[in-house]
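Report on the structure given below.
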Amino acid sequence: MLINRYRRAIAPLLIGAAGVAQAAPATEQDVRTFIDRAGERSAELAVENTRAEWVFQNFITHDTQAMAVASKKALTVLGGEQARQARDHMAVQGLSDKTRRDLELIRHDVSVPSPADDASTAELVEIGAELKSIYSTGKYCNAAGECSVLRDMELRMANSRDADELLELWQGWREVSPPMRKRYARQVELANRGAQDLGYRDLGDYWRSRYDMSGDAFAADMERYWQEVKPLYESLQCHVRHRLEDFYGDEVMPDDGTIPAHLLGNMWAQGWGNIEDVVMGGAWEAPYDLTAILEQRDMDALDIVKMAESYFTSLGLEPLPETFWERSLFTRPEDRDVVCHASAWNVDAVDDLRIKMCIQRTGEEVRVVHHELGHNYYQRAYNDLPYFYRGSANPGFHEAVGDAIALSVTPSYLVNIGLLEQEPATSEENTIAQLMQLALDKVAFLPFGYIMDKWRWQVFSGELSEAEYNDAWWQLRREYQGISSPVARDDDAFDPGAKYHIPANVSYSRYFLAHLLQFQFHREMCEQAGFKGPLYACSAYGSEQAGKALNAMLSAGKSLPWQQTLENFTGSDDVDVSAMMDYFAPLKAWLDEQNRDRQCGWQS
Ligand code: X8Z
Ligand code: ZN
């Protein structure tokens with residue numbers, strides 16, 4: 001049966017490749033011809049689709065959406081056909097490891113696979129565009145009829161210390177997502193069928209299987225990494241909860257040990273850096289305030305991007321092309337709807353690099369700009385590889401590069417580039433305050449980075465019905481993050497949909513991995529730069545040797561199993577949480593001291 005299906009799939013290829021009208025047993029060479037052709041066909045359609053998608057995301061209208069859908073549909077059809085063929089070609093006897101892996105890459109080249117029939121593909125792609133559009137054009141209108149967009153609400157959440165106002169913003173944004181739920185459930189149904197056609201149990205199994213190991217082994221590794229970093233998270237959660245209770249009073253704090261989700265300075269409680277003042281209780285101030293520096297110097301969005309670019313060029317990498325500055329979107333246009341969620345593009349897959357971002361003048365955004373340029377430098381480094389190798393070693397690598405670079409935004413770096421007059425004194429206070437600032441973003445993020453896909457894995461496997469989506473989401477939020485909903489949720493609530501990557505269908509394990517990998521990359525770059533001293537004090541700024549080592553990794557794209565690429569760069573073939581744990585070791589000791597007589601932990 002398998003052989004028959006396989007023969008049918010490969011027969012046309014043999015006719016095309018060898019010019020004979022009869023199916024012959026396929027050889028490695030035939031399969032290689034298939035791989036090359038698949039790459040050429042995908043490359044052509046992908047550029048066209050990226051262009052249509054760029055226009056749609058920069059000018060969201062009925063028509064641009066229709067155009068993006070049409071081109072996405074063509075790409076999904078092609079990607080699906082080739083992925084199914086790749087799956088069948090795996091039955092060819094005696095293939096080399098490299099060819100097998102190349103087939104695997106083709107099999108994984110669609111993020112949301114469709115069943116083979118035309119109607120399903122059209123429906124699936126349409127739903128995808130609708131979800132993105134609902135999210136990106138979403139506005140919250142208050143009782144007085146004043147409407148706000150997400151960026152403004154996020155900024156208010158970052159700065160407000162009024163629990164009622166925070167609750168209104170938190171609830172308000174979640175009014176955008178209920179209309180997504182039905183569509184989302186239908187999309188899951190279709191994409192699951194698409195994944196099953198490719199030989200996977202469901203879409204979750206398909207997503208987990210793109211890591212050069214079985215999907216089940218990947219899930220086990222994710223859990224292992226989480227268990228390794230969990231004690232650090234628990235110490236932070238306990239301290240933050242107590243500080244919030246001191247600040248807001250115990251009437252807003254549940255007595256089960258969880259933190260209500262609206263008090264953490266971020267719409268999704270995924271990063272808590274905006275409430276550093278509350279967490280440090282005014283006792284120890286951060287040694288510098290990057291947001292204030294940007295204001296004092298009157299730096300605008302363009303200045304921030306130039307600053308990030310100059311970090312990359314200091315490593316010996318080429319400046320961004322002229323077209324980057326002409327074609328990127330740096331600030332939110334007032335007159336139209338755009339997808340504001342930050343992203344980095346290489347439109348022609350050669351050097352048409354761009355970012356699209358609604359930059360705000362905050363220290364947090366400085367990190368995000370570095371993050372996006374990390375994507376652009378990666379895209380440029382692998383642009384000369386065959387199509388299916390153009391990508392990061394695994395999805396986490398793409399997300400880790402710019403963040404690793406931003407870890408070099410230290411006080412000494414800011415002095416170096418003239419933004420800070422002098423380095424803050426070396427003191428325990430300053431060290432802890434600096435580490436706390438970063439931990440509130442990086443450590444706080446870890447369980448959130450994990451549950452976004454954990455929730456989807458449950459949804460995709462059919463473990464949850466549509467009616468259970470929201471409760472299961474809060475169950476995970478509670479269990480892993482120790483965070484609870486500040487109010488009972490309505491029956492029609494769809495809170496996962498209020499986070500971009502759910503409607504946009506971007507898998508999220510990549511960010512969890514990136515939060516660990518970036519410390520590994522940073523450690524390696526610091527070694528290359530010859531830095532001696534604690535990891536948190538290192539900036540690899542200006543080290544061409546570090547730049548060379550980094551670029552060698554970037555240039556490998558996904559041509560090798562990621563474990564190999566990681567080993568070539570860092571000497572280790574696995575994600576190693578010790579880099580992150582070492583980085584935060586002084587903070588962990590300090591937190592445990594603060595927490596000594598406190599009740600920690602929460603009911604899950
Ligand atoms: O989505 C992003 C980037 C674009 S790839 C801005 N990030 C995740 C998020 O915002 O939720 C970066 C960190 C996590
Ligand atoms: Zn990213």
Side-chain angles (χ1 to χ4, degrees), residues 50 53 57 111 132 135-136 150-151 153-155 157-158 173 177 261 264-274 301 304-305 308 328-330 332 338-346 353-360 362-380 391-407 438-456 473 477 481 483 495-519 521 554 580:
T50 308
E53 194 64 31
Q57 293 198 21
S111 56
K132 205 179 268 174
Y135 184 94
S136 300
L150 175 61
R151 295 305 277 174
M153 295 170 80
E154 283 186 80
L155 206 55
M157 274 202 99
W173 177 243
S177 48
L264 290 154
N266 174 278
M267 187 55 88
W268 307 276
Q270 68 182 67
W272 310 342
N274 291 322
I304 297 175
V305 185
S328 290
L329 179 85
F330 297 128
R332 193 176 80 80
V338 302
V339 175
C340 261
H341 191 88
S343 54
W345 304 58
N346 186 0
L353 304 169
R354 310 178 191 179
I355 63 171
K356 187 170 61 55
M357 201 178 152
C358 305
I359 301 175
Q360 285 168 335
T362 63
E364 191 182 355
E365 292 277 271
V366 170
R367 291 192 179 281
V368 181
V369 172
H370 282 79
H371 175 96
E372 297 308 328
L373 292 199
H375 285 309
N376 281 148
Y377 275 96
Y378 215 147
Q379 290 159 342
R380 176 190 262 173
S392 54
N394 78 31
F397 283 55
H398 230 306
E399 302 303 335
V401 173
D403 282 13
I405 298 292
L407 289 178
L438 200 66
L440 288 172
D441 280 326
K442 306 287 179 184
V443 178
F445 179 84
L446 292 167
F448 181 79
Y450 188 26
I451 63 163
M452 279 280 285
D453 277 356
K454 245 186 150 17
W455 178 80
R456 280 187 283 203
W473 170 252
R477 293 272 261 173
Q481 288 185 280
I483 283 179
D495 296 330
K499 172 69 196 166
Y500 173 77
H501 302 72
I502 302 289
N505 272 311
V506 180
S507 67
Y508 213 80
S509 303
R510 64 187 66 200
Y511 300 106
F512 175 80
L513 294 172
H515 274 65
L516 305 175
L517 283 168
Q518 63 189 257
F519 289 92
F521 293 178
L554 305 185
M580 185 181 203

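Start at 1 and go down the list; that is how both ligands and their atoms are numbered. Residues: numbered from 1 along the sequence shown. Keep in mind that this is a model prediction, so the values were computed, not measured.
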Any protein N/O atoms within less than 3.5 Å of an N/O atom in ligand 1? List the atom names and distances, or say none.
unit_1: ligand 1; atom_1: 1 (O); unit_2: His341; atom_2: NE2; d: 2.6
unit_1: ligand 1; atom_1: 1 (O); unit_2: His501; atom_2: NE2; d: 2.8
unit_1: ligand 1; atom_1: 1 (O); unit_2: Tyr511; atom_2: OH; d: 3.3
unit_1: ligand 1; atom_1: 11 (O); unit_2: Gln270; atom_2: NE2; d: 3.1
unit_1: ligand 1; atom_1: 11 (O); unit_2: Lys499; atom_2: NZ; d: 2.7
unit_1: ligand 1; atom_1: 11 (O); unit_2: Tyr508; atom_2: OH; d: 2.5

With sequence neighbours excluded, residues passing side chain to side chain donor-acceptor pair (under 3.5 Å) with Ser507:
Arg510
Pairing residues for Lys454 by the salt bridge (Lys or Arg N to Asp or Glu O under 4.0 Å) criterion, not counting sequence neighbours
none
Closer than 3.5 angstrom, by distance alone: can the side chain of Arg332 be matched with the main-chain N or O of Cys358 as a donor-acceptor pair?
no
Side-chain ion pair, Glu154 and Arg151, N-O less than 4.0 Å:
yes
Does Phe445 reach the side chain of Asp441, with side-chain heavy atoms less than 4.5 Å apart?
no
Describe, in one word, how the ring planes of Tyr508 and His501 are oriented to each other, choosing from parallel (under 30°), tilted (30 to 60°) and perpendicular (over 60°).
perpendicular
Using modelled atom types only, decide if a donor and an acceptor are shared between the side chain of Gln481 and the backbone of Pro447 within a distance under 3.5 Å.
no
Suppose the cut-off is 2.8 Å; which protein N/O/S atoms would you list for the Zn ion (ligand 2)?
His371 NE2, His375 NE2, Glu399 OE1
Test item: Lys499 and Trp473 side chains (from C-beta on) under 4.5 Å apart, heavy atoms:
no
Does the ring center of Phe448 lie less than 6.0 Å from the ring center of Tyr511?
no
